[in-house]
Amino acid sequence: MEFHRFFFYASIILSISVYLFPIMANSMGINYGQIADNLPSPEDVVPIVKSIGATKVKLYDADPKVLKAFANTGVEFIVGLGNEYLDKMRDPAKAQAWVKQNVQSHLPATKITSIFVGNEVLTFNDTSLSNSLLPAMQSVHTALVNLGLDKQVTVTTAHSLSILETSYPPSSGAFREDLVDCLSETLSFHQKTGSPFLINAYPFFAYKGNPKQVQLDFVLFQPNQGVIDPATNLHYDNMLYAQIDAVYNALASLGYKKLPVHISETGWPSKGDEDEVGATPDNAKKYNGNLIKLMSKKTGTPMRPNSDLNIYVFALFNENMKPGPTSERNYGLFKPDGTPAYSLGISSTSNVAGSNTTTGGTNGKPLSPIPTPPSTPTSSSTGKIRVRGDCAACFFDIN
């Protein structure tokens with residue numbers, strides 16, 4: 001792509017960003033995937049990230065070109081260690097070499113705050129991979145300690161929502177029994193090291209899997225009557241908040257009530273295959289636009305109203321080389337040429353679900369669960385090549 005053409009588009013984005021994103025959240029995060037052959041250079045991505053007000057970026061590797069491009073910008077980074085590295089990272093010497101080369105060398109110019117070791121490892125039913133997860137995390141943390149970086153860089157891992165056995169109602173959220181032992185050890189690591197619990201949550205999968213049962217307005221943060229959790233009397237008017245609170249309850253059931261939860265991925269595709277119901281530009285605009293507006297309000301979920309939402313929107317760009325259904329290549333807020341994939345259409349006067357009451361009342365219906373479809377992840381998620389596993393959807397019959 002010609003540089004003058006890209007900068008032309010970038011200048012347009014910057015000039016109109018105040019109108020597209022007038023109330024951006026100060027802590028908005030964005031996932032920066034690079035499974036494509038037509039993306040702009042990292043240097044040209046910097047103004048795009050700034051145009052949407054994002055202050056945090058999550059990479060699926062530790063691309064030195066990206067990290068150098070964002071030096072001295074103040075943007076915080078989560079860097080990734082792909083699943084293919086887990087076995088090697090069990091070796092403390094190799095872990096320390098990786099941290100020195102990929103993290104320490106970029107500090108303090110580039111603000112790296114976390115390393116996520118592995119992506120959705122526990123839901124791939126790969127015993128060798130699962131057995132390597134915690135030892136790899138421990139080795140990377142030890143490396144940070146040895147290098148004097150553990151106070152500024154945390155170590156974590158990202159999970160699919162499929163680690164939940166139940167997610168409805170949120171008060172009954174619980175982890176899969178076959179994962180409890182493994183998760184308990186990982187959660188203990190989080191508590192000891194002060195790192196957050198990362199979860200990838202996609203209401204899109206819930207709607208796609210059962211559009212007749214799941215109300216579209218409920219998953220898109222549009223005004224709707226919502227539902228009431230009968231055990232807590234808390235009112236939910238969007239699915240993402242219900243999913244997050246299900247995770248909070250699952251953590252509490254294992255004794256980790258105070259562990260912080262960050263949403264490491266969530267988003268909506270603007271295009272999909274014929275059987276991918278709901279994958280349209282209009283729905284993507286509503287989901288991401290409403291989500292960003294909610295983030296700007298700095299309010300939490302019904303269960304944790306005073307906790308800021310730490311959310312990373314998926315994704316920055318459409319990625320033309322990603323495997324899987326058409327939707328996988330169309331989650332981007334931007335096209336590869338730097339122009340918006342669609343207008344988010346955020347305005348300070350628009351009505352968004354999730355910004356009103358959090359307790360039960362006459363406007364909500366009791367939660368009525370329908371079966372959760374089985375999780376069938378198709379490929380290991382690595383630093384460069386990743387395919388999301390199907391999430392354990394938080395389903396509610398609210399029709």
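Quantities reported herein were computed from a predicted structural model and do not represent experimental measurements. Because only heavy atoms are used, hydrogens play no part in the values below, and waters and symmetry mates are left out as well, while side chains stay in.
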Q: Would the distance check show the side chain of S160 and the main-chain N or O of S162 forming a donor-acceptor pair, the cut-off being under 3.5 Å?
A: yes
Q: Taking the ring of Y312 and the ring of H262, is the distance between their centroids below 6.0 Å?
A: no
Q: Examine F204 together with Y207 and report whether their ring centres are nearer than 6.0 Å.
A: no
Q: Go through E276 and K208 one step at a time and tell me if the side chain to side chain contact (heavy atoms under 4.5 Å, CB included) criterion holds.
A: CA-CA 6 Å; E276 294 189 286; K208 170 188 170 182; 3.4 Å; yes
Q: Keeping N31 on the side-chain end and A315 on the backbone end, is there a donor-acceptor pair under 3.5 Å?
A: no
Q: For a 4.5 angstrom cut-off between non-hydrogen side-chain atoms, does V75 reach T55?
A: no
Q: With a 6.0 Å cut-off on ring centres, are F70 and F77 close enough?
A: yes
Q: Using a strict cut-off of less than 4.0 Å between a Lys/Arg side-chain nitrogen and an Asp/Glu carboxylate oxygen, indicate whether E328 and K322 qualify as a salt bridge.
A: yes
Q: Say whether M89 and V145 are linked into one hydrophobic cluster, either directly or through other cluster members, by side-chain heavy-atom distances under 4.5 angstrom.
A: no
Q: With side chain to side chain donor-acceptor pair (under 3.5 Å) as the test, would you mind laying out the steps for N330 and S270 before giving the verdict?
A: CA-CA 6 Å; N330 290 278; S270 58; 4.5 Å; no
Q: Can you tell me how far CG of N146 sits from OG of S139, rounded to the nearest 0.5 angstrom?
A: 10.5 Å
Q: In terms of side-chain geometry, is the basic nitrogen of K56 or E76 positioned less than 4.0 Å from the acidic oxygen of its partner?
A: no
Q: Do Y241 and Y236 have their ring centres less than 6.0 Å from each other?
A: no
Q: Ignoring hydrogens and angles, tell me if any N or O in the side chain of T193 forms a donor-acceptor pair with the backbone of F189 under 3.5 Å.
A: yes
Q: State whether D178 and R176 are salt-bridged, where the test is any N-O pair (Lys NZ or Arg NE/NH1/NH2 against Asp/Glu carboxylate O) under 4.0 Å.
A: yes
Q: Dump the intermediate steps for side chain to side chain donor-acceptor pair (under 3.5 Å) on N83 and N119, then the final yes or no.
A: CA-CA 7 Å; N83 294 354; N119 192 35; over 6 Å; no
